[in-house]
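Scroll down for the structure; my scribbles are underneath it.
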Amino acid sequence: MNNLPVEWLGDRVRIIDQTRLPFDEIYLELDDYRDIASAIKELKIRGAPVIGIAGAYAVALGALKIDSTSRDDFLERLRGIIDAIAATRPTARNLFFALERMKKVAHAAGDIESTKALLVVEAVRIHAGEAEATEQISQFGAELIQDGFTVLTHCNTGPLATAGYGTALGVIIMANEQGKNIRVFADETRPLLQGARLTTWELQKAGVPVTIITDSMAGHFMRTGKIDCVITGADRIAANGDTANKIGTYMLAVLAKENGIPFYIAAPTSTIDPSLKTGEEIPIEERNANEVTHIQGAPIAPEGITAANPAFDVTPHQYITAIITEKGIIREPYGEGIGGIS
Ligand code: MRU
């Protein structure tokens, strides 16, 4: 796979700066966990699985640099590092899934040096696990995509977001590789244009025909019969199947139901949060208003205007036709299906 979003280099992490794509392919080498935390906040590294992977590497990197001979002091300082990474972005479950695994390793191991080594091993495992899951998701999901389908997707869920095949985009790329004649409509995904900048770029590279549309055009294309199914990723899935994903996803799900179009979510089980009963409990990140009032630094609204900027919305489970995970495809009743695999 080209353009790896995150790579462990032993004493530093190499990332591709996703805010500069598709125009500049800039790689950054980060050797301080604080820089990784900033890169996550600024969306240089983004997409639920990749946030988790980068978070795990940040903890490993932070741990390697702790200079202490007292295990209590080491664990105390490690806790501070984990808290700093946890504070970067609140919605993607994968970040907390990864941090919980890192915490568990830190508390189970013996002396400081072996703990450091085990933390590196665990971060590499989390990376491999997330990447592997996307291949299974893509295999299962591709069965739902028929030859000749036009698929609508939102945000970016490809290799850049997952360090693997992709979730929603993995399904599309896999179906295309299976020789199915697929077309994609990609929402531009305001405010930060992950669809316009990243999804089109990845699909172009994969040789999948793609048409970019503004978010507000989706309903028109669904009503006029141009879309056969909608498939998106997820940032957090509650125990009842309610799903948080990039802002605008809920609107697509409602429109899909109204127009009799299947609406699929593709996500690894690391995105599922069985501790939350419903989507009401999912924390929704509110980002800086200037991401709405400006596009790539250029103002598009009068100075001083108030803007709202929730980064995600919640789609209630009744709008979701199926959730595609690496362990299989789940349908209603989601409570049972999710309980069985998470
Ligand atoms: O704010 P982002 O760009 O990190 O949001 C990403 C999404 O909403 C994706 O759809 C989601 O993380 C799934 S990535 C496989």
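Residue-environment remark: NZ (K277) stays at or below the threshold of 12 foreign heavy atoms within 6.0 Å. At most 12 heavy atoms of other shown residues, nucleotides or ligands fall within 6.0 angstrom of atom CD in E280. The local environment of CD in Q318 is crowded, with over 12 non-hydrogen atoms from other residues, nucleotides or ligands closer than 6.0 Å.
Checked by atom type, the side-chain pair T269/E326 shows a donor-acceptor distance below 3.5 Å. Looking at D17 and T19, their side chains do bring a donor and an acceptor atom within 3.5 Å of each other. Between the side chains of S270 and N94, at least one donor N or O sits under 3.5 Å from an acceptor N or O. T91 and D235 are not linked by any side-chain donor-acceptor pair at a separation below 3.5 angstrom, with hydrogens and angles left out of the test.
Under 4.0 Å is where a charged nitrogen must lie from a carboxylate oxygen, and between R125 and E132 no such pair does. Salt-bridge check for D215 with R190: failed, with every basic side-chain N at 4.0 Å or more from each acidic carboxylate O. Ion pairing of R79 with D83 is absent here, as no side-chain N (NZ or NE/NH1/NH2) approaches a carboxylate O to less than 4.0 Å. Salt bridge K116/E113: present, at least one basic N to carboxylate O contact under 4.0 Å.
Side chains of I300 and H294 form no contact here, defined as non-hydrogen atoms less than 4.5 Å apart. Within the 4.5 Å cutoff, the side chain of V6 has heavy atoms near those of the V13 side chain. Proximity of I145 to M174: side-chain heavy atoms (C-beta onward) are nowhere separated by under 4.5 Å. Residues I45 and I36 meet the side-chain proximity criterion, which asks for heavy atoms closer than 4.5 Å.
Apart from V230 itself, the hydrophobic cluster it occupies contains L152, F185, I213, M217, F221, M222, I227, I237, M251, L252, L255, I261, F263, I265, I272, I320, I323, I330, Y334, I338, I341, where clustering links Ile, Leu, Val, Met, Phe, Trp and Tyr at side-chain heavy-atom distances under 4.5 Å.
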Worked check of salt bridge (Lys or Arg N to Asp or Glu O under 4.0 Å) between K41 and E285: CA-CA 11 Å; K41 274 189 200 159; E285 178 182 7; over 6 Å; no
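Checking side-chain atoms of E286 against main-chain N and O of N309 turns up a donor-acceptor pair under 3.5 Å. A donor-acceptor pair is defined here as one N or O able to donate and one able to accept, closer than 3.5 Å; no such pair exists between the side chain of T315 and the backbone of D313.
Screening R46, R197, K246 for a side chain to side chain donor-acceptor pair (under 3.5 Å) involving N156 leaves a single residue, R46.
Hydrophobic clustering, with ILVMFWY side chains joined whenever heavy atoms are under 4.5 angstrom apart, keeps V254 apart from I247.
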